[in-house]
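Bear in mind the structure is a predicted one, so any value in this text is a computation, not a measurement. Numbered from 1 within each chain, the chains take letters A, B, ... in sequence-line order.
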Protein chains: 2
Amino acid sequence: MTNTPLQERLNWRYATKKMDPSKTVPEDKVAQIVEAVQLAPTSSGTQPFELFVISNPEVRAEIRKVAWDQTPITDGSHLLVFAAWDNYSEARIDAVVADMTGARGEIPKLNAYYENLKQMYLPRDADVNFDHAARQAYIALGFAMMAAAELEVDCTPMEGFEPDKVDDILGLKERGLRSVVILPLGYREAGADWLLPMKKVRKPLAEMVTRVD
Amino acid sequence: MTNTPLQERLNWRYATKKMDPSKTVPEDKVAQIVEAVQLAPTSSGTQPFELFVISNPEVRAEIRKVAWDQTPITDGSHLLVFAAWDNYSEARIDAVVADMTGARGEIPKLNAYYENLKQMYLPRDADVNFDHAARQAYIALGFAMMAAAELEVDCTPMEGFEPDKVDDILGLKERGLRSVVILPLGYREAGADWLLPMKKVRKPLAEMVTRVD
């Protein structure tokens with residue numbers, strides 16, 4: 001049985017533990033990965049996060065220090081930092097509606113929808129809203145990793161860092177953002193990565209999937 | 001300028017608002033989408049969620065009633081329900097380690113890593129752990145949507161439902177699970193979907209992306 005292109009790609013990718021510092025991801029591939037983040041869907045189309053694309057070696061070295069010294073941060077050529085909104089606000093939601101109206105024209109149903117959204121989101125605790133925004137960033141993280149695999153670019157999703165310190169390094173607090181997950185991009189160093197020869201471990205479908213037919 | 005296959009796919013997909021009830025997603029495509037969920041990466045490889053694949057029309061009709069009556073739930077042919085662990089537990093993490101050891105052999109460093117993980121996760125509030133597990137499900141949601149687009153299957157990511165009621169319908173509480181997001185699969189009904197002819201609205205890169213070079 002031959003694998004489909006999708007299966008090939010899903011099995012090719014892995015959380016690269018050692019990247020080759022001599023290789024650089026070409027900018028046109030970085031742009032395609034960034035575009036996947038831009039085009040990823042989000043709840044009510046709010047896109048409640050921003051993306052930092054860091055090639056600067058000094059800034060990446062600073063981030064590595066507060067991220068358990070994980071080498072792909074500096075051995076890769078680019079680091080993506082997903083930074084979610086610290087809260088929903090009237091201004092942020094109004095800007096979403098303005099963008100939609102600009103693109104699609106005035107739609108009364110749409111205005112009513114977002115007025116209702118404000119009634120629901122704005123009274124909630126900031127942490128609840130931040131968690132909701134962070135989930136949307138994780139959809140985009142998934143899109144970025146799938147895009148990277150298609151382009152044969154390696155990446156390493158990381159939650160193992162001190163968010164407050166990354167926020168300080170990038171000046172996120174002042175912008176109402178909080179770092180949630182980071183993703184170095186680069187190329188695997190075959191022969192130097194302990195994880196690469198290991199079998200991919202996933203729960204069997206029988207454990208993870210329930211059919212209701 | 002021609003689009004890359006990735007760009008074609010990212011622009012082809014949209015949150016389908018009207019699906020054609022006469023069309024059924026073939027089981028081999030459903031299987032490939034489910035496999036993308038299975039192979040999606042998760043924090044420390046815990047895969048802290050389960051997937052329900054529901055073709056049963058009565059069960060989908062029940063869910064539609066507690067999901068703002070959104071028609072793709074029943075007009076599509078399959079409904080995916082992502083249900084995250086309600087908490088991390090010693091047994092759940094030990095099972096992950098057992099799976100890894102089964103596949104890769106005994107690795108002392110790995111045991112130490114997961115002992116440390118337990119020290120970190122188990123004292124936390126259940127809600128903190130559930131939120132963390134839910135984020136992992138959102139990565140898999142992203143993988144499922146990218147896979148669907150590649151297979152030219154439509155889907156509609158939905159948070160608009162009453163999670164407690166979906167949990168009741170599927171008996172999730174007893175299994176230590178909580179529904180976080182649902183995804184009908186099916187085929188767009190061109191001509192009947194108000195969203196299809198609308199321009200896709202996304203933030204311009206200049207607003208959403210900061211380069212640090």
Colleague: Shorter than 4.5 Å, heavy atoms on both sides: which option in Thr42(A), Leu205(A), Leu80(A), Val34(A) has the most such pairs with chain B?
Modeller: Leu205(A)
Colleague: Quick one: what part of Glu150(A) sits under 4.5 Å from any heavy atom of chain B, side chain, backbone, both or neither?
Modeller: side chain
Colleague: Could you tell me which of Met146(B), Lys199(B), Met158(B) has the largest number of non-hydrogen atom pairs under 4.5 Å with chain A?
Modeller: Met146(B)
Colleague: Given that the side chain runs from C-beta out, which part of Val37(A) has a heavy atom under 4.5 Å from chain B: side chain, backbone, both or neither?
Modeller: both
Colleague: For the NZ atom on Lys165(B), are there more than 12 heavy atoms of other groups (residues, nucleotides or ligands in this structure) within a distance under 6.0 Å?
Modeller: no
Colleague: Mind checking the CG-CE spacing from Leu110(B) to Met198(A)? Nearest 0.5 Å is all I need.
Modeller: 8.0 Å
Colleague: Return the option, out of His132(A), Arg60(A), Glu58(A), with the maximum number of heavy-atom pairs under 4.5 Å with chain B.
Modeller: His132(A)
Colleague: Atom CD of Gln32(A) and atom CG of Asn3(B): how far apart are they, to the nearest 0.5 Å?
Modeller: 9.5 Å
Colleague: Under the side chain to side chain contact (heavy atoms under 4.5 Å, CB included) test against Leu39(B), which residue among Arg9(A), Lys200(A), Gln7(A) passes?
Modeller: Lys200(A)
Colleague: Looking only at heavy atoms, which two atoms of Leu6(A) and Ala147(B) are closest? And how far apart?
Modeller: CD2-CB, 3.7 Å
Colleague: Using 0.5 Å steps for rounding, measure from the CZ atom of Arg13(B) to the CZ atom of Phe143(A).
Modeller: 5.0 Å
Colleague: If you tally heavy-atom pairs under 4.5 Å against chain B, which of Pro5(A), Ala40(A), Pro57(A), Ala95(A) wins?
Modeller: Ala40(A)
Colleague: Could you look at Thr101(B) and say if it's the side chain, the backbone, both or neither that has a heavy atom under 4.5 Å from chain A?
Modeller: neither
Colleague: For the candidates Val181(B), Ile54(B), Asp213(B), which exhibits the highest count of non-hydrogen atom pairs separated by less than 4.5 Å from chain A?
Modeller: Asp213(B)
Colleague: How many angstroms lie between CG in Asp127(A) and CG in Asp131(B), if you round to the nearest 0.5 Å?
Modeller: 9.5 Å
Colleague: Quick one: of Arg202(A), Gln136(A), Met208(A), who has the most non-hydrogen atom pairs under 4.5 Å with chain B?
Modeller: Arg202(A)
Colleague: For Val201(A) and Ala103(B), which heavy atoms make the closest approach, and how far apart are they?
Modeller: CG2-CB, 3.7 Å
Colleague: Checking Val209(A) against chain B: side chain, backbone, both or neither under 4.5 Å from a heavy atom?
Modeller: both
Colleague: With a 4.5 angstrom heavy-atom cut-off, could you sort out which part of Val30(A) is near chain B: side chain, backbone, both or neither?
Modeller: side chain
Colleague: Which pair of non-hydrogen atoms, one from Tyr138(B) and one from Arg135(A), has the smallest distance, and what is that distance?
Modeller: CD2-O, 3.3 Å
Colleague: With only heavy atoms counted, which part of Arg211(A) is less than 4.5 Å from chain B, the side chain, the backbone, both or neither?
Modeller: both
Colleague: Out of Ala15(B), Ala134(B), Ser55(B), Ala137(B), return the one with the most heavy atom pairs under 4.5 angstrom to chain A.
Modeller: Ser55(B)
Colleague: Could you look at Tyr14(A) and say if it's the side chain, the backbone, both or neither that has a heavy atom under 4.5 Å from chain B?
Modeller: neither
Colleague: Around atom CH2 of Trp12(B), are there more than 12 heavy atoms of other residues, nucleotides or ligands at under 6.0 Å?
Modeller: yes
Colleague: Do you know the tightest heavy-atom contact between Lys203(B) and Gln38(A)?
Modeller: O-NE2, 2.8 Å
Colleague: State the CG-OG1 distance between Leu151(A) and Thr4(B), to the nearest 0.5 angstrom.
Modeller: 7.5 Å
Colleague: Side chain, backbone, both or neither: which part of Glu159(B) has an atom under 4.5 Å from a heavy atom of chain A?
Modeller: side chain
Colleague: Using non-hydrogen atoms and a 4.5 Å limit, figure out which bit of Ile33(A) sits close to chain B: side chain, backbone, both or neither.
Modeller: neither
Colleague: Need one label for Ser77(A): side chain, backbone, both or neither, based on atoms under 4.5 Å from any heavy atom in chain B.
Modeller: neither
